[in-house]
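Below is one structure, written out as structure tokens, with a few remarks after it.
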Amino acid sequence: MAQLLAPALPGRARMRRSAPAAVSTVALIVMIGVCSSLQPGVLTVEGLTLVLSATVPLVIAAQAQMTLMAVGDIDLGIGNFVGLVTVVSATLLVSSPLKGVLVLAGLVAAYAVLGLLIHLRQVPALIATLGASFVWLGLGLFLLPTPGGTTPGWLASFGAWQPAGLPAPLVPIVVVALLVYLLSARSALGVRMRGLGSNPVALRRAGLRPAASRVAAYATAGVLGVLSGLVLASQTGGGDVSSASSYTLMTVAAVILGGGSFAGGTAVPWGAAVGGVTLGLVSVVLSLLDVRSDMQSAVQGVIVLAVLAGRVVVGKVLR
């Protein structure tokens, strides 16, 4: 285990590691500034609650994606998985709460089994998770062919919860990012997961099992995916298996914007949270600027590319 623990980073290396998240934070501040200039009420508690609410499930899903990217995998099924959870929330959790809870636990177990199969059979994660995405989609359509249903009272109450003097969306964003940080950066399990992504040979030589690390990563991603779906259902008040289809690529972009890496071995929960909020606010800014809906996707892509270009420039300066 000691071989996997990285030595303390020197100051410049630490700056290089945190630079991407810093660039995304600057972009986030700029977008909030644009929003407030166009609509001054954005900077109130009510205004921030309104613009940040839609980013919460995306941020939690981005934490799930980051967990798998830390071991060197990418999940192409996270969007449909979150949508399936909204369907379970709007159907089984209402009609039969115990059955609904068991189904959600079974979905987490299915994610863990998926990670085990990927490891044992050496199947590329992209292919396996893409196949799983069709399974999640099919199950969602079987349970709820058309969007609808209703969420349990306790879940609806959570969606309407508003603490005094604080934007409600900040609470789940900060709490989930903190928990993922403690898991990925401050626990032996997190060290093993990052070790699997950066140097699986060293992990085996240390006497640790790579399969267990990958299964743990997938189980963690499954739990976070369930949380994301529950939060999304609390906001929409119903279920729709396609409601989070855009999350698949947006979560990857959020992780990269926050300092993650396709190569694995890196986990930056706070950066992923900032990246998710940044991407979520892009649509708000474009709506306030009256950008045509058919042009919003293109403009979103340009903004993401601009932030990534800023990350590259800063990285070269600090090299």
Side-chain angles (χ1 to χ4, degrees), residues 56-71 73-89 92-93 97-119 125 128-129 132-133 135-136 139-140 151-152 154-155 158 171-194 196-197 211-235 239 243-244 247-248 251-252 254-255 260 267-270 272-273 276:
V56 178
L58 174 60
V59 167
I60 299 176
Q63 300 291 347
Q65 187 72 262
M66 183 208 68
T67 302
L68 295 188
M69 291 178 69
V71 301
D73 294 348
I74 294 178
D75 186 2
L76 294 184
I78 187 65
N80 285 342
F81 183 81
V82 171
L84 173 58
V85 173
T86 69
V87 169
V88 174
S89 303
L92 297 179
L93 274 183
L98 178 59
K99 184 184 294 185
V101 171
L102 291 176
V103 169
L104 292 178
L107 291 177
V108 174
Y111 244 72
V113 172
L114 178 62
L116 181 62
L117 291 176
I118 289 173
H119 189 87
T129 56
S133 72
V135 175
W136 313 139
L139 289 174
T151 52
W154 60 269
L155 197 56
F158 174 78
V171 177
I173 289 174
V174 172
V175 169
V176 172
L178 176 60
L179 291 176
V180 176
Y181 168 76
L182 294 175
L183 172 66
S184 61
R186 297 296 181 183
S187 71
L189 178 59
V191 172
R192 292 196 295 268
M193 289 192 296
R194 288 185 287 112
L196 176 61
S213 300
R214 179 164 270 110
V215 169
Y218 274 80
T220 302
V223 171
L224 291 169
V226 168
L227 289 177
S228 176
L230 291 174
V231 172
L232 182 58
S234 74
Q235 295 176 351
S243 59
Y247 284 13
T248 298
T251 54
V252 175
V255 174
V268 191
W270 300 110

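Residue numbers count from 1 along this sequence. As the structure is a computational prediction, the values presented were derived from the model and not from experiment.
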note = The reported gap from OG1 in Thr67 to CG in Asp73 (rounded to nearest 0.5 angstrom) is 11.5 Å
query = Going by heavy atoms in the side chains, are Leu196 and Arg214 under 4.5 Å from each other?
reply = yes
message = When you measure from the side chain of Ser228 to the backbone of Leu224, do you find a donor-acceptor pair of N or O atoms at a distance under 3.5 Å?
response = no
task = Taking the side chain as every heavy atom from C-beta outward, state whether Leu178 and Trp270 have any atom pair closer than 4.5 Å.
result = yes
query = Do the side chain of Arg194 and the main chain of Ser184 share a donor and acceptor less than 3.5 angstrom apart?
reply = yes
message = To the closest 0.5 Å, what do you measure between CH2 (Trp136) and CG (Asn80)?
response = 10.0 Å
query = Taking the side chain from Thr129 and the backbone from Asp75, do they hold a donor-acceptor pair closer than 3.5 Å?
reply = no
remark   = Of Leu227, Leu92, Val85, the one forming a side-chain contact (heavy atoms from CB on, under 4.5 Å) with Leu104 is Val85
message = With heavy-atom distances below 4.5 Å as the criterion, would you say the side chains of Ser133 and Leu76 are in contact?
response = no
task = Evaluate the side-chain proximity of Ile173 to Val56: yes if any heavy-atom separation is below 4.5 Å, no if none is.
result = yes
key: Sidechain-backbone polar pair: Gln63 side chain, Ala177 backbone, donor-acceptor under 3.5 Å   = no
remark   = Closest heavy-atom pair, Leu114 versus Ala132, reported as atoms and distance to 0.1 Å, is CD2-CB, 4.0 Å
request  = Test Leu232 against Tyr247 for side chain to side chain contact (heavy atoms under 4.5 Å, CB included), laying out the working first.
outcome  = CA-CA 12 Å; Leu232 182 58; Tyr247 284 13; 4.1 Å; yes
Distance (rounded to the nearest 0.5 Å) between Gln235 CD and Thr151 OG1 = 11.0 Å
key: Minimum heavy-atom distance Ala219-Val108, with the two atoms named   = O-CG1, 3.7 Å
ask   = Side-chain contact, heavy-atom cut-off 4.5 Å: Tyr218 with Ile118?
value = yes
ask   = Taking all atoms of both residues into account, what is the closest heavy-atom pair of Gly222 and Phe81, and its distance?
value = O-CE2, 3.7 Å
query = Which atom names give the shortest non-hydrogen contact between Val82 and Ala244, and what distance separates them?
reply = CG1-CB, 3.8 Å
inquiry  = Any heavy-atom pair between the side chains of Leu183 and Leu179 that's under 4.5 Å?
reply    = no
ask   = Is any side-chain heavy atom of Ile60 less than 4.5 Å from a side-chain heavy atom of Val231?
value = yes
request  = For residues Leu68 and Ile78, determine if any side-chain heavy atom of one lies less than 4.5 Å from a side-chain heavy atom of the other.
outcome  = no
request  = Heavy atoms only: give me the nearest Ser213-Arg192 pair and the separation to one decimal.
outcome  = OG-CB, 3.4 Å
message = Restricting to non-hydrogen atoms, name the atom on Ala272 and the atom on Ala62 that form the minimum distance, rounded to 0.1 Å.
response = O-CB, 4.2 Å
ask   = Could you give the distance from CD1 (Ile74) to OG1 (Thr248), rounded to the nearest 0.5 Å?
value = 11.5 Å
